[in-house]
Colleague: 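Mind having a look at this structure? Questions to follow.
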Amino acid sequence: MEEASRAEELEQKRSFWKQHIESWQESGLSQTEYCRRHDLKPHQLTYWKKRFCQTEAGISFVPLQLVNPCSSDSLCLVIHDHFKVEIRPGFDPGLLQQLVLALRGLA
């Protein structure tokens, strides 16, 4: 039961600070001024801001349009109508890895 209450307490803190970070970003105020006006400690806002950035930094979503420009037995990836990668049964995983690394270098 103690673990559940600690988890709830942490979630309340996360929610509290996430709301303040969003409000601060929308306010146009400096971090110090925002904290002064809301009676917060600037170092705590900094801590939570970094914590949320670390959590969210590894996550990214890319909108995809589901169309099949390839044959029905393959997988196709079309990037900005400029690149088309077709993966067919029996593909070479090493070659795909090299292609992904090369495309990362273009970004």
Side-chain angles (χ1 to χ4, degrees):
M1 188 131 175
E2 186 177 317
E3 284 185 37
S5 63
R6 288 178 55 102
E8 290 171 3
E9 183 181 330
L10 179 59
E11 187 53 40
Q12 287 174 352
K13 282 184 181 181
R14 291 183 91 253
S15 178
F16 173 85
W17 284 106
K18 189 160 186 74
Q19 183 178 4
H20 272 293
I21 289 168
E22 289 170 358
S23 295
W24 162 67
Q25 289 172 331
E26 293 171 2
S27 74
L29 299 172
S30 70
Q31 188 171 321
T32 303
E33 181 60 22
Y34 180 87
C35 288
R36 187 186 67 73
R37 290 185 185 187
H38 295 275
D39 198 29
L40 301 171
K41 296 178 181 171
H43 71 276
Q44 288 181 320
L45 185 68
T46 299
Y47 168 82
W48 283 97
K49 183 176 68 168
K50 287 180 182 177
R51 188 162 176 182
F52 287 125
C53 286
Q54 288 172 349
T55 302
E56 297 170 359
I59 302 171
S60 64
F61 294 96
V62 177
L64 296 176
Q65 181 181 7
L66 298 176
V67 292
N68 191 3
C70 297
S71 62
S72 63
D73 66 338
S74 63
L75 172 65
C76 241
L77 175 63
V78 179
I79 305 167
H80 298 293
D81 293 327
H82 297 293
F83 303 102
K84 176 181 163 184
V85 179
E86 186 171 356
I87 303 168
R88 296 182 180 182
F91 72 96
D92 178 359
L95 181 59
L96 179 60
Q97 183 178 17
Q98 289 175 354
L99 175 61
V100 169
L101 292 173
L103 291 173
R104 278 187 186 165
L106 296 175

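This one's a predicted model, so the numbers in the text were calculated from it and none came from an experiment. Computation of the quantities below employed the complete heavy-atom set of this structure, encompassing side-chain atoms and omitting hydrogens, waters and symmetry-equivalent molecules. Sequence positions, counted from 1, serve as the residue numbers for this chain.
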Colleague: Not counting sequence neighbours, which residues clear side chain to side chain donor-acceptor pair (under 3.5 Å) with E33? List them please.
Modeller: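 Side chain to side chain donor-acceptor pair (under 3.5 Å) check on E33 returns R36, R37.
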
Colleague: Specify whether H38 and H20 have parallel, tilted or perpendicular ring planes, treating 30° as the upper limit for parallel and 60° as the lower limit for perpendicular.
Modeller: perpendicular

Colleague: So does E11 have more than 12 non-hydrogen atoms from other groups sitting under 6.0 Å from CD?
Modeller: yes

Colleague: Starting at CD1 of I21, measure out to CG of L40 and round the result to the nearest 0.5 Å.
Modeller: 10.0 Å

Colleague: For the CH2 atom of W48 and the NZ atom of K18, what is their distance to the nearest 0.5 Å?
Modeller: 11.0 Å

Colleague: Is there a side-chain contact between W17 and K49 in this structure, where contact means two heavy atoms from C-beta onward sitting under 4.5 Å apart?
Modeller: no

Colleague: Return the set of residues passing side-chain contact (heavy atoms from CB on, under 4.5 Å) with Y47 (not counting sequence neighbours), or none when no residue passes.
Modeller: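 In terms of side-chain contact (heavy atoms from CB on, under 4.5 Å), with neighbours along the sequence ignored, Y47 is linked to R51.
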
Colleague: Would you name the heavy atoms of C35 and L45 that are closest together and state the gap between them?
Modeller: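 So the minimum-distance heavy-atom pair works out to SG-CD2, 3.6 Å.
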
Colleague: Apply ring-ring contact (aromatic ring centres under 6.0 Å, His included) to F91 and list each qualifying residue two or more places apart in sequence or on a separate chain.
Modeller: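 Result, ring-ring contact (aromatic ring centres under 6.0 Å, His included) vs F91: none returned.
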
Colleague: So if you build clusters from Ile, Leu, Val, Met, Phe, Trp, Tyr with side-chain heavy-atom gaps below 4.5 Å, do L10 and F16 land together?
Modeller: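 In one cluster: yes.
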
Colleague: Which atoms form the tightest heavy-atom contact between Y34 and S23, and what is the distance?
Modeller: OH-CB, 3.2 Å

Colleague: Can you name the side chain to side chain donor-acceptor pair (under 3.5 Å) partners of T46, sequence neighbours left out?
Modeller: Q31

